[in-house]
K.L.:
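My questions all concern the structure below.
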Amino acid sequence: MTDRIRAELARVAEQLGAPGIEFVLERPRDAGHGDLATNLAMVMARALKTAPRPLAEKVLKELGLPPGVARSEIAGPGFINFWLASDELGQQLASIVTAGRDYGRHDFGAGRRVNVEFVSANPTGPLHVGHGRGAALGDGIAALLERTGHAVTREFYINDAGTQIEKLAQSLWARLQQAAGRAAEIPEGGYHGRYLEEMAQSLLASDQSLAELPADQGIARSRAFVLAAQRAEQDQLLADFGVHFDVFTSEQTMYDRGKVEQLLDHLERAGLTFEQEGALWLRTSSFGDDQDRVLRKSDGSLTYFTPDLAYHMDKHERGFQTAIDVWGADHHGYIPRMRAALTALGYPPDFFEVTIVQLVKVVKGGEEVKMSKRSGEFVTLRDLLDDVGVDAARYFFMMRRGDSQFVFDVDLARSQTEENPVFYVQMAHARMSGIFRVANRAPESVQPSARVEDLPAPEDTELLKKLTAFPEVTARAAREREPHRITGFLEELARLAHGWYHKCRVLGEAPNVEAARLTLARATQIVLANGLGVLGLTAPERM
RNA sequence: GCGCCCGUAGCUCAGUUGGAUAGAGCAUCAGCCUUCUAAGCUGAGGGUCGUAGGUUCGAUUCCUACCGGGCGCACCA
């Protein structure tokens with residue numbers, strides 16, 4: 001419907017001398033302004049240098065409106081408002097029930113291959129709440145893209161080749177020595193967290209001889225231990241968090257598979273590099289970065305940037321048309337060099353995208369729970385999950401834009417009351433389900449009753465109109481990579497659903513009204529479930 | 001010093017790609033249980049959209065400067 005009106009408006013715009021003009025056709029927030037409104041006359045007025053209202057009259061005169069539009073008017077400074085016929089609304093209701101789980105799906109992604117890389121935590125410690133936010137957001141973005149017709153791969157990059165890992169291995173080695181009663185110091189820049197102490201103790205308990213190894217072997221063993229332990233722990237935790245990765249790529253394999261060498265070769269042959277003071281540089285400043293970047297240090301070793309760039313090249317070679325990276329805010333300064341380098345490689349500008357995830361502040365009992373990686377004290381994702389559960393954690397992380405700082409109120413997330421948005425939304429779904437339970441009918445058995453005349457209350461109409469907005473919300477959320485648009489919509493919908501439930505009886509009404517309201521309840525249940533589903537949350541039948 | 005993000009009700013935050021009278025939840029206050037879940041619902045008060053300019057029919061939205069908060073500015077990862 002919207003598409004047909006939009007097309008007709010575009011046709012008239014062309015006819016009146018403004019072809020291809022950009023205009024908005026939207027649902028006005030004020031119901032008094034109709035079901036749909038356009039600013040076409042006003043944007044045309046600017047382009048054609050005439051007054052908007054007379055122009056709106058001309059537009060309206062030329063407009064061949066589809067039969068679903070009941071009436072139209074010119075209002076305010078030159079808006080054109082449309083009211084839809086009530087049978088149009090009824091048909092939309094029926095189509096929700098018919099579409100079921102597919103309602104809110106789109107195919108505009110057209111099978112575009114998208115790689116979403118997220119979490120990608122260093123294997124140097126437990127995942128903390130910041131990773132949790134990245135995990136929820138990355139997974140949410142991936143799910144949104146899937147539901148809009150993209151071919152999505154969820155990917156995790158393991159930073160297992162850097163000096164961080166070396167420090168960690170050395171730190172564990174020191175802890176092993178200490179646990180065996182020897183004097184040993186955590187190396188400079190090493191890891192002081194208690195989890196290494198615990199790991200050392202349990203390793204030693206199962207193999208006393210470990211601490212007897214010569215240092216180089218001991219460190220090598222330590223490295224293998226920490227990598228395996230971190231991987232196992234992270235896998236389990238992410239699984240518990242409801243996040244599934246399709247691909248894990250290790251930094252080390254970028255070397256092992258010759259990707260790094262291949263990259264350096266390619267860059268040098270293309271004349272994109274130069275040597276200075278014994279180091280090899282990439283001319284990123286020619287491609288938008290504010291300075292050139294070192295690929296190979298003067299001591300012969302590579303910077304972190306080089307294998308990471310090779311990794312992105314690898315993604316491109318694997319056939320991905322878009323690579324979305326979800327990064328912590330502390331890495332945002334890294335974006336220009338990566339973008340510049342990928343431009344230098346000749347990749348299209350829409351290949352590389354970054355979604356930035358800002359810091360999470362955890363508040364419990366009205367007080368901030370401090371987190372500091374250096375001191376080894378931080379709020380782990382595991383602690384948070386144990387505290388508030390998966391659904392609440394995922395929902396909370398997704399309910400705010402990634403690029404604003406976020407206060408995670410643990411007490412709120414735990415609460416089983418209306419104040420808690422997760423609870424509130426899930427409760428709305430449970431209530432819709434409850435109607436069918438009491439009626440002793442399977443929700444799936446509902447045959448769409450599409451007559452809006454049988455939905456007499458204003459609450460009926462308001463709820464229904466909200467439901468019809470869901471596809472637009474999912475489309476926008478996917479395009480903008482903003483899962484919080486879904487949570488916001490769900491809360492608005494839940495509010496209407498609760499109000500409707502309170503005001504409008506379903507069972508025991510006149511048969512035609514009961515049938516129509518059962519359809520509405522079913523449609524509401526579907527949209528709530530689909531919305532919760534995109535976010536990876538459960539939609540409980542009862543609570 | 002330079003760059004990026006943020007600044008909207010007491011608090012936490014939305015704000016439909018420049019639109020009509022700026023919204024929601026919490027908190028506060030006032031109501032509502034003979035009902036398919038009161039684990040809920042209804043209503044009220046609450047705003048100089050950080051500040052000052054600019055762009056135009058119109059600015060919370062775009063531009064500039066400044067103020068405040070966060071994060072970055074490595075031959076670290």
Side-chain angles (χ1 to χ4, degrees), chain A residues 22 24-30 32-33 37-39 42-43 45-46 51-53 75-79 81 122 124 159 161-167 189 251 276-281 290-291 293-305 307-308 328-336 356 358-359 361 363 399-409 412 415-421 423-424 426-428 430-439 469 472-473 476 479-480 484-485 487-489 491-492 495 498-509 517-518 521 542-543:
Chain A
E22 286 202 19
V24 175
L25 179 66
E26 64 182 0
R27 294 158 184 271
R29 49 170 77 101
D30 186 339
H33 296 139
T38 182
N39 65 348
M42 289 184 289
V43 291
R46 174 182 294 194
R53 279 196 74 115
F79 289 100
N81 300 332
N122 287 332
T124 51
N159 299 127
T163 55
Q164 295 276 31
I165 270 297
E166 209 48 45
K167 292 278 183 208
E251 181 182 358
Q276 192 180 341
E277 291 165 14
L280 182 71
W281 298 68
D290 56 2
Q291 54 183 288
R293 303 292 173 176
V294 172
L295 294 168
R296 192 192 314 116
K297 300 182 236 175
S298 51
D299 69 2
S301 68
L302 302 178
T303 58
Y304 173 82
F305 180 45
D308 198 21
D330 55 341
H331 287 83
H332 77 260
Y334 188 73
I335 298 171
I356 285 296
Q358 287 281 356
L359 288 179
K361 195 161 101 177
V363 172
M399 76 180 174
R400 301 292 178 230
R401 295 176 49 204
D403 60 5
S404 63
Q405 287 164 255
F406 174 56
V407 177
F408 196 114
D409 185 337
L412 178 62
S415 80
Q416 296 286 299
T417 68
E418 24 137 1
E419 305 156 28
N420 184 346
F423 177 84
Y424 189 72
Q426 290 183 325
M427 185 65 200
R431 283 194 138 163
M432 296 303 120
S433 308
I435 294 172
F436 293 98
R437 193 165 51 244
V438 170
E472 294 160 34
V473 174
R476 187 76 195 276
R479 286 203 174 94
E480 308 284 340
H484 81 270
R485 290 176 182 275
T487 63
F489 172 82
E491 284 164 48
E492 289 166 17
R495 190 160 39 83
H498 283 302
W500 174 79
Y501 179 90
H502 180 73
K503 201 76 178 255
C504 300
R505 262 203 89 74
V506 177
L507 305 178
E509 293 290 298
R517 287 202 170 139
L518 272 174
R542 62 201 313 167
M543 296 180 76

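The figures here come from the full heavy-atom set of this structure, side chains too, leaving out hydrogens, waters and symmetry mates.
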K.L.:
Atom CG of D403(A) and atom CD1 of I356(A): how far apart are they, to the nearest 0.5 Å?
P.N.:
8.5 Å
K.L.:
Since syn is defined as within 90° of 0, does C33(B) count as syn or as anti?
P.N.:
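That one's syn.
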K.L.:
If each of R476(A) and Q164(A) is mapped to the nucleotide of RNA chain B with the nearest heavy atom, which maps nearer the 5' terminus, i.e. the 5' end?
P.N.:
R476(A)
K.L.:
Any chance CZ of R542(A) has more than 12 other-residue heavy atoms, nucleotides or ligands included, within less than 6.0 Å?
P.N.:
no
K.L.:
Are any of the side-chain heavy atoms of R431(A) and M427(A) separated by less than 4.5 Å?
P.N.:
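Heavy-atom side-chain distance check passes, below 4.5 Å.
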K.L.:
When all nucleic acid strands are considered with a 4.0 Å heavy-atom cut-off, which category describes Y501(A): base, sugar-phosphate, or nothing?
P.N.:
base
K.L.:
With rounding to whole Å, what would you report as the distance between C49(B) and U8(B) at their P atoms?
P.N.:
12 Å
K.L.:
Could you tell me whether H331(A) contacts a base, only the sugar-phosphate backbone, or nothing, with contacts defined as non-hydrogen atoms closer than 4.0 Å?
P.N.:
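H331(A): base contact, heavy atoms under 4.0 Å.
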K.L.:
What is the nucleic acid contact for R542(A), judged by heavy atoms within less than 4.0 Å: base, sugar-phosphate only, or nothing?
P.N.:
base
K.L.:
Mind checking whether K297(A) and L302(A) have side chains closer than 4.5 Å, heavy atoms only?
P.N.:
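Contact flag for K297(A)/L302(A) side chains = no.
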K.L.:
If you define the side chain from C-beta out and look only at heavy atoms, does anything of P421(A) sit under 4.5 Å from M399(A)?
P.N.:
yes
K.L.:
With heavy atoms under 4.0 Å as the rule, sort R505(A) into base, sugar-phosphate or nothing.
P.N.:
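Base: the residue R505(A), judged by heavy atoms under 4.0 Å, touches a nucleobase.
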K.L.:
Taking the side chain as every heavy atom from C-beta outward, state whether I435(A) and L507(A) have any pair of such atoms under 4.5 Å apart.
P.N.:
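Yes. Closest side-chain heavy atoms under 4.5 Å.
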K.L.:
Rounded to whole angstrom, note down the C1' distance from U64(B) over to U55(B).
P.N.:
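Between the two C1' atoms, the distance is 11 Å.
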K.L.:
Please measure how far the C1' atom in G31(B) lies from the corresponding atom in C13(B), and state the result in whole Å.
P.N.:
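Their C1' atoms lie roughly 28 Å apart.
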K.L.:
Counting Watson-Crick and G-U wobble pairs with both distances under 3.5 Å, what is the dot-bracket string for RNA chain B, 5' to 3', using [ ] for crossing pairs and | for pairs to another strand?
P.N.:
(((((((..((((.....[...)))).(((((.......))))).....(((((..]....))))))))))))....
K.L.:
Write down the distance separating the P atoms in U16(B) and G7(B), rounded off to the nearest Å.
P.N.:
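Approximately 12 Å lies between the P atom of U16(B) and that of G7(B).
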K.L.:
Within the 4.5 Å heavy-atom criterion, are S301(A) and R296(A) side-chain neighbours or not?
P.N.:
no
K.L.:
How is M42(A) classified with respect to the nucleic acid when contacts are heavy atoms under 4.0 Å: base, sugar-phosphate, or nothing?
P.N.:
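M42(A): base contact, heavy atoms under 4.0 Å.
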K.L.:
Suppose you measure atom P in G23(B) against the same atom in C66(B); what distance do you get, rounded to whole Å?
P.N.:
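Roughly 34 Å separates the two P atoms.
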K.L.:
Closer to the 5' end of RNA chain B via nearest nucleotide, is it N39(A) or Y334(A)?
P.N.:
N39(A)
K.L.:
May I ask you to say what S298(A) touches in the nucleic acid, namely base, sugar-phosphate or nothing, with a heavy-atom cut-off under 4.0 Å?
P.N.:
base
K.L.:
Assign V506(A) to base, sugar-phosphate, or nothing according to its heavy-atom contacts below 4.0 angstrom with the strands shown.
P.N.:
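Base contact - V506(A) has a heavy atom under 4.0 Å of at least one base atom.
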K.L.:
At 4.0 Å (heavy atoms only), tell me whether R46(A) reaches a base, stays on the sugar-phosphate, or touches nothing.
P.N.:
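It contacts base atoms.
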K.L.:
With rounding to the nearest 0.5 Å, note down the distance linking OG1 in T303(A) to CG in D308(A).
P.N.:
9.5 Å
K.L.:
Using a 4.0 Å heavy-atom cut-off across all strands, classify A75(A) as base, sugar-phosphate, or nothing.
P.N.:
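Base contact.
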K.L.:
At a heavy-atom distance below 4.0 Å, which nucleotide of RNA chain B is the first touched by chain A, and which is the last?
P.N.:
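Taking any atom under 4.0 Å from a heavy atom of chain A, the span is G3(B) to A77(B).
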K.L.:
Under 4.0 angstrom, heavy atoms only, what part of the nucleic acid is H33(A) near: base, sugar-phosphate, or nothing?
P.N.:
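Base, at least one base heavy atom under 4.0 Å.
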K.L.:
Is there side-chain contact between F436(A) and L518(A), with heavy atoms separated by less than 4.5 Å?
P.N.:
yes
K.L.:
Considering only the C1' atoms, how many Å lie between C26(B) and U37(B), rounded to the nearest integer?
P.N.:
23 Å
K.L.:
State, yes or no, whether a side-chain contact exists between M432(A) and W500(A) at a heavy-atom distance under 4.5 Å.
P.N.:
yes
K.L.:
Give one of base, sugar-phosphate or nothing for V473(A), where a contact means two heavy atoms less than 4.0 Å apart.
P.N.:
nothing
K.L.:
List for me each residue that meets side-chain hydrogen bond (donor to acceptor under 3.5 Å, both in side chains) alongside Q291(A), sequence neighbours excluded, and say none if there are none.
P.N.:
none
K.L.:
What is the nucleic acid contact for P52(A), judged by heavy atoms within less than 4.0 Å: base, sugar-phosphate only, or nothing?
P.N.:
nothing
K.L.:
Hey, does A37(A) reach any base, or is it just sugar-phosphate, or nothing, if we go heavy atoms under 4.0 Å?
P.N.:
base
K.L.:
Can you check the distance between C76(B) and U12(B), where both ends of the measurement are the P atom (answer in whole Å)?
P.N.:
40 Å
K.L.:
Using atom P in both nucleotides, what's the gap between C71(B) and C32(B) to the nearest angstrom?
P.N.:
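These two P atoms come out 50 Å apart once rounded.
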K.L.:
With sugar-phosphate meaning primed atoms plus P, OP1 and OP2, does Q276(A) contact a base, only sugar-phosphate, or nothing at under 4.0 Å between heavy atoms?
P.N.:
base
